[in-house]
Amino acid sequence: VAPLEAHDVEFAYTAERPALTGVTFGIGAGEVVGVIGPSGAGKSTLAQLLLGLRSPTKGRMCVGGTDLRDVDRSWWSRRVSFVAQDALLITGTVSENIRFFRDGIDDNALRVAARQANVLSDIESLPLGFDTHLGERGSQLSGGQRQRLSIARALVGQPELLVLDEPTSALDGRSEALIRTTLAQLRGQITVVIIAHRMSTLDICDRILVIEGGRLSALGTPKSLQEDS
Ligand code: ADP
Ligand code: ADP
């Protein structure tokens, strides 16, 4: 797991005002970092730059000190993972859902990811045995369980960077709390970047980037940002 750095990053979709400009920050390996800001601020654009789906129109995005432009794309695409706001569920069982994008993964890798995402520990508490639960239909799961299933699927292959775009905005408070706990447990193993609308979602983060109008307007711990506001 390597640190990530943005050096004076600009990204412009069009010749008009850039979506991001003058963005500089570092994210330590294994840090849990939040990104917050109003709609249209540039959060998704930043996520796409971190994932290597887009390249800065100015400045540099680096991993382990190397410009992402000079990093082998297929290597980086296997080192990063993404979880969207709405859990993508395919027809089938919990284990089929976890395996879906990574054909050929062994049972052990599947269980590791399922445990990391608190899929197994949660479902295990039901009276049935745990293999039965990997065999549970995805359609039987609650919203929170589905989102943890999405996280498990994203963790298969042990990426070094996991980016989540508003992973809890469709969930109730209890489900959100369990996702927060799950993401906090990844600290130190995987670099986690969480885009969110509400500050309360990000209380588990080591640091939070505040993006406003395409600029990094603040960077601090949840506590320091609360004191400033
Ligand atoms: P969010 O606020 O969750 O980032 P949006 O509703 O702003 O999502 O955008 C949804 C999709 O539309 C994204 O893929 C984004 O890249 C695209 N999009 C947003 N604004 C524009 C635009 N002005 N022109 C073209 N595509 C856009
Ligand atoms: P956020 O995720 O904070 O809502 P975005 O990164 O989606 O913000 O968007 C930042 C700005 O870039 C917005 O003004 C949006 O309309 C614009 N934008 C996003 N995607 C596109 C796109 N594909 N084409 C053109 N403009 C876009």
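Atoms within a ligand are numbered from 1 in the order they appear, just like the ligands themselves. Nothing fancy with the numbering, it's 1 onward along the sequence.
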Using a 4.0 Å cutoff against the non-hydrogen atoms of [X], which atoms of ligand 2 qualify?
{"X": "S44", "value": "1 (P), 2 (O), 6 (O), 7 (O)"}
{"X": "P38", "value": "3 (O)"}
{"X": "A41", "value": "1 (P), 3 (O), 8 (O)"}

Any G40 heavy atom less than 4.0 Å to ligand 2: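 It does, in that a heavy atom of G40 comes within the 4.0 Å cut-off of ligand 2.
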Sub-4.0 Å heavy-atom contact, G214 with ligand 2: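 No, G214 has no heavy atom closer than 4.0 Å to ligand 2.
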Nitrogen or oxygen atoms of K43 and ligand 2 under 3.5 Å apart: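 Indeed, backbone or side chain, K43 has an N or O that close.
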Any N/O pair G42/ligand 2 closer than 3.5 Å: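 In this structure, G42 places an N or O atom under 3.5 Å from an N or O of ligand 2.
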Nearest-0.5 Å distance, CH2 of residue W76 to OG1 of residue T66: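 Nearest 0.5 Å value for the CH2-OG1 distance: 10.5 Å.
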Point-to-point distance, once rounded to the nearest 0.5 Å, from CD1 of I179 to CD of Q147: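 I179 atom CD1 to Q147 atom CD measures 5.0 Å (nearest 0.5 Å).
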Short side-chain donor-acceptor distance under 3.5 Å, Q116 and Q158: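 The answer is yes; a qualifying pair exists.
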Residue selection (non-hydrogen contact nearest atom 9 (O) of ligand 2) among V35, T45, L20, I36: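 Selected option, by shortest heavy-atom distance: T45.
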For a quick test of your reading: what N or O donor-acceptor pairs under 3.5 Å do the side chains of residues 20-35 make, sequence neighbours left out?
| from | atom 1 | to | atom 2 | distance (Å) |
| --- | --- | --- | --- | --- |
| T24 | OG1 | D8 | N | 2.8 |
| E31 | OE1 | G28 | N | 2.6 |
| E31 | OE1 | R207 | NH2 | 2.9 |
| E31 | OE2 | R207 | NE | 2.6 |
| E31 | OE2 | R207 | NH2 | 3.4 |

Nearest heavy-atom neighbours spanning L49 and P56: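 Closest pair (atom of L49, atom of P56, distance): CD2-N, 3.5 Å.
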Residues which pass side chain to side chain contact (heavy atoms under 4.5 Å, CB included) with A170, listed by chain and number, not counting sequence neighbours: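 Counting only residues at least two positions away or on another chain, A170 forms a side chain to side chain contact (heavy atoms under 4.5 Å, CB included) with D86.
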